[in-house]
Amino acid sequence: MPVGSLRRDSPLVEPLPGALGRWGSAVARRGRLVIALWLVLAAGSAALLPGLPARLAPPSLEVPGSESAVAAAVIARGFPEQGTEQVLLAFTSATLRASEPGYQRVMAAVMSAMAARGDVGALLPLPDVAGQHPGHAYALMGVHGDEPARQRNLPAQLATAQESARRASAGAVSVTILGVSRAFAQLAHTDMADLRAMETMTVPVAVLLLVLGLGAAGAALVPLLVGGAAILAAMGALALAGTYGDADSTMLTYTVTMTLGLGLDYSLLILLRYRQARAGGRSPQAAAAHAVATAGSTVTWCALAIMITSCALFLVGVPWAGSMALAGLLSALVTLAATLTLTPALLPRLDGLLAWGTLPWRRHDSEPREPAWVRGARHLMRHPVPYAAAAVAALLLLALPALHLRTGLHYDRATLAGTDMGAGLEQLERDKVASLTSLALPHPPGSAPVDTGALSAALRADPRVSVVSVFDNGRDLTLMLLADRAAPDSAAATAFLRDVRERAARLLPAGQRVLAVGPAARLRDLTAGALDGLWRVLLVVLLASFTLLLITFRSLLIPLKAVAMNLLCVCATFGLLTLAFQDPATDVNALLPLIVFTIVFGLSMDYEVFLVHRVHEHYRRTGDNTAAVLHGLRHTARPITLAAAIMAVTFSGLMFTRRLDFQQGGFAVAVAIVLDATLIRMVLVPALMRLLGERNWWLPGQRRRNASMAGTSRSYASSST
């Protein structure tokens, strides 16, 4: 059956290449208008960028419905003056002791100024503990509002406290605000500078790869223009979102990273098809329409894959995961729009520049002899079993360290070093009041306060506990305030919370409800929410990947093989991540698996389509499975390698940021892309396809057809580049 023809049972999306061809032709004809519209969009986005940092909020740490969220709501109702979050005012002086009258006057002045603010509730000085520095003092402060409001109010609260301390002590006593929200807000301030540093490192390398891969400096100009326009549009969209809603700094980082990588990759595929069409004698406008009609359908499929896998993150129930889902959706949508509009508009108008700066060894690109890698591919076709066994063994070996993977959420102390927040955390830990936890103990309205005597005595005798205070609102809630010596992001703090719960079950009245909130409890709930949601995300991503490939290729074994290979790639990635980052003091970020699974599966499906479409196209024409696999390798190895190299470089740029979670995420995605584009896509997949033969295109319930009718007849199979 001819490549472009349709069967009666073909998918409904078969007409897509024709529609895209007409679209590409229309855009090429009206290129000046399209370019003008993108210039206006870019200018508008650029005008919004100066205010973007101020509009960004730190990523949300609350998990709706979690114990800590419920406890915070219960305390806010029972003790309104405690607010919706409790933070610490940390005072320090190098010349005054906290017990001196002058120091106490400064504390009183600061607490009075803070109490006058409408967004601040009750303030409670904490008693000194054994071993506390004589120049340090602490006060518990309740703050009002939901999480976005608290983050917005934090800079003004900090300014009020510090200005009051400066005026009252002439600089002898300083103060800062400490808490888990403040810590992550401080981390967010580093993101914009890190983005600029990342782009400085990655863009020149990406340009070099484009020039080397395309063989000419002029040809690299189109992907760079499209990628730059896509980044401006994405950042402009985030700036608008920050004006009318919430946009966080982590979302910005991943949006820019993905948009840069996808923008370069997608426009690269259009460009390669355009150059082939021009070499075949088509006019610039006709070549642009042909490129969109062929490679444009592959780009559309790939963007759809990214969007579907990103949407799986909405199932987690953690706001942070929702931000990552929006980052993936925004990146895919913006890059798809830029690729299908700006690329065909630019190509005919820059046609004369595409060959500018052609590299000396590419001036006569006739390939007089077969490249060495093609000879290697022929050897693989003759000996598929050893190649497949070696690739699987290598991936399993790389995956072994993942058996010892530890995940957690921690303050990034290296990034916080040198800030007042970092110094404050160190001060708290030295003074043995590192973590504060509030236990909400609801009781029936009008009944006596909960009898906490036995539990309080047991906790005061615990060497880990430095402060135990008990309050009751006289109506329906008893509140216990605990300070322990372990940092809230440590395993010791998690163990302490677990011990407190076990003791409460034994020492409080039978059936008493206990709800914990505090930095350690919030980090615990966020970690648990991410890991619990991981399995839902994994299930949805696996099913979506399988279904999309099943529909695309009308085969059962192709999607099963692809899902198995992607899982193997992810496991090997986490094995290398464990080796690279995990040590006795450092865990792998608990939120990272969500990012890696969704991004890697989306990108891996892209590469699967690139390769298998070419194989399928040739197999339908010839019926020779071995020749088809070799044909697919020959025509996709270079584009896949170039696209994967650009994407890997883009994500590896995150390793040059100061935040450890970004470093881990950039390393994981870059490693996964390299493994997928080499061991899996260039060795394991072709070896297995060679072994499976005609069974590659087998589908239960469908009568085995001859080669010309095997599998799907999607007309955009020819769009693989």
Side-chain angles (χ1 to χ4, degrees), residues 10-14 16 254-255 258 261-262 265-266 297-318 320-336 530-571 573-574 591-613 616 647 668-669 672-673 675-676 680-681 685 696 699-700 711-712 714 716-717 719-720:
S10 294
L12 293 177
V13 292
E14 288 290 354
L16 183 60
Y254 277 99
T255 297
M258 291 183 65
L262 293 177
D265 275 8
Y266 290 173
S297 56
T298 298
V299 167
T300 303
W301 195 102
C302 294
L304 178 63
I306 295 290
M307 287 186 274
I308 290 175
T309 54
S310 296
C311 285
L313 290 173
F314 286 120
L315 300 174
V316 177
V318 174
W320 179 93
S323 295
M324 292 299 96
L326 291 174
L329 286 170
L330 178 60
S331 302
L333 284 171
V334 169
T335 51
L336 179 63
L531 295 178
D532 289 345
L534 174 62
W535 303 109
R536 293 194 296 273
V537 170
L538 182 58
L539 179 61
V540 170
V541 168
L542 291 178
L543 288 175
S545 303
F546 177 84
T547 302
L548 283 173
L549 292 174
L550 178 68
I551 294 172
T552 301
F553 296 111
R554 295 296 181 91
S555 163
L556 181 63
L557 295 183
I558 292 274
L560 283 176
K561 173 177 58 64
V563 167
M565 295 304 97
N566 289 349
L567 282 175
L568 191 56
C569 178
V570 169
C571 291
T573 297
F574 277 104
L591 304 174
L592 195 59
L594 292 169
I595 301 174
V596 174
F597 276 122
T598 51
I599 294 179
V600 169
F601 264 80
L603 294 176
S604 295
M605 284 198 292
D606 293 357
Y607 301 144
E608 180 79 5
V609 171
F610 293 166
L611 173 60
V612 179
H613 265 160
H616 191 201
M647 190 66 73
V669 176
I673 291 170
L675 290 176
D676 187 273
I680 291 180
R681 217 56 57 191
V685 169
N696 281 308
L699 185 66
T712 184
R714 296 174 68 90
Y716 66 81
S719 66
S720 297

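Model, not experiment: these values are computed from the prediction.
Shown here for Leu611 and Arg681, the closest heavy-atom pair between the two residues is CD2-O, 3.2 Å. Scanning both residues, Ala332 and Ala303, for their nearest heavy atoms gives CB-O, 3.8 Å. Nearest heavy atoms, Glu608 versus Val685: OE1-CG2, 4.1 Å. Nearest heavy-atom pair across Leu313 and Ala321 is CB-O, 3.5 Å. In plain terms, the two heavy atoms of Ser310 and Gly328 that are nearest each other are OG-CA, 3.4 Å.
The only option from Leu304, Ile306, Thr300 that meets the side chain to side chain contact (heavy atoms under 4.5 Å, CB included) definition with Leu336 turns out to be Thr300.
Every residue two or more places apart in sequence or in another chain that forms a side-chain hydrogen bond (donor to acceptor under 3.5 Å, both in side chains) with Ser331 is listed here: Thr259. With sequence neighbours excluded, the residues forming a side chain to side chain contact (heavy atoms under 4.5 Å, CB included) with Cys311 are Phe314, Leu329, listed by chain and number. Contacts of Val600 classified as side chain to side chain contact (heavy atoms under 4.5 Å, CB included), with partners at least two apart in sequence or in another chain: Val570, Val596, Ser604, Ala672. Residues passing the ring pair (Phe, Tyr, Trp, His ring centres under 6.0 Å) test with Tyr254 are Phe662, sequence neighbours excluded. Taking Leu333 as the reference, Met307 meet the side chain to side chain contact (heavy atoms under 4.5 Å, CB included) condition, with sequence neighbours excluded.
Side-chain contact between Asn696 and Phe553: absent, with no pair of heavy atoms (C-beta onward) separated by less than 4.5 Å. Residues Tyr266 and Asp606 form a side-chain contact, since some pair of their non-hydrogen atoms from C-beta on lies under 4.5 Å apart. When side chains are defined from C-beta on, Leu591 does not count as touching Ile595, because their heavy atoms never get closer than 4.5 Å. Contact of the Leu567 side chain with the Phe601 side chain is registered, since non-hydrogen atoms from C-beta on lie closer than 4.5 Å. When side chains are defined from C-beta on, Thr598 does not count as touching Met324, because their heavy atoms never get closer than 4.5 Å. Between His613 and Thr552 the shortest side-chain heavy-atom distance falls below 4.5 Å. Annotation: side chain of Leu262 is in contact with side chain of Met647 (closest heavy-atom distance under 4.5 Å).
Here Leu315 contributes atom CG and Trp535 contributes atom CH2; the two are 15.5 Å apart, rounded to the nearest 0.5 Å. Note that NZ of Lys561 and CD1 of Ile680 are 10.0 Å apart. Values are rounded to the nearest 0.5 Å. Residue Met605 holds its CE atom at 11.5 Å from CG of Asp676, rounded to the nearest 0.5 Å. Here the CG atom belonging to Leu594 is positioned 10.0 Å from the CG atom belonging to Leu538, to the nearest 0.5 angstrom. Considering CG of Leu560 and CG of Leu542, their distance stands at 11.0 Å, rounded to 0.5 Å.
No side-chain donor-acceptor contact under 3.5 Å links Arg554 to the backbone of Leu699.
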Side chains of residues 544-551: which donor-acceptor pairs under 3.5 Å do they make with residues two or more places apart or in other chains?
unit_1 : atom_1 : unit_2 : atom_2 : d
Ser545 : OG     : Val541 : O      : 2.7
Thr547 : OG1    : Leu543 : O      : 2.7

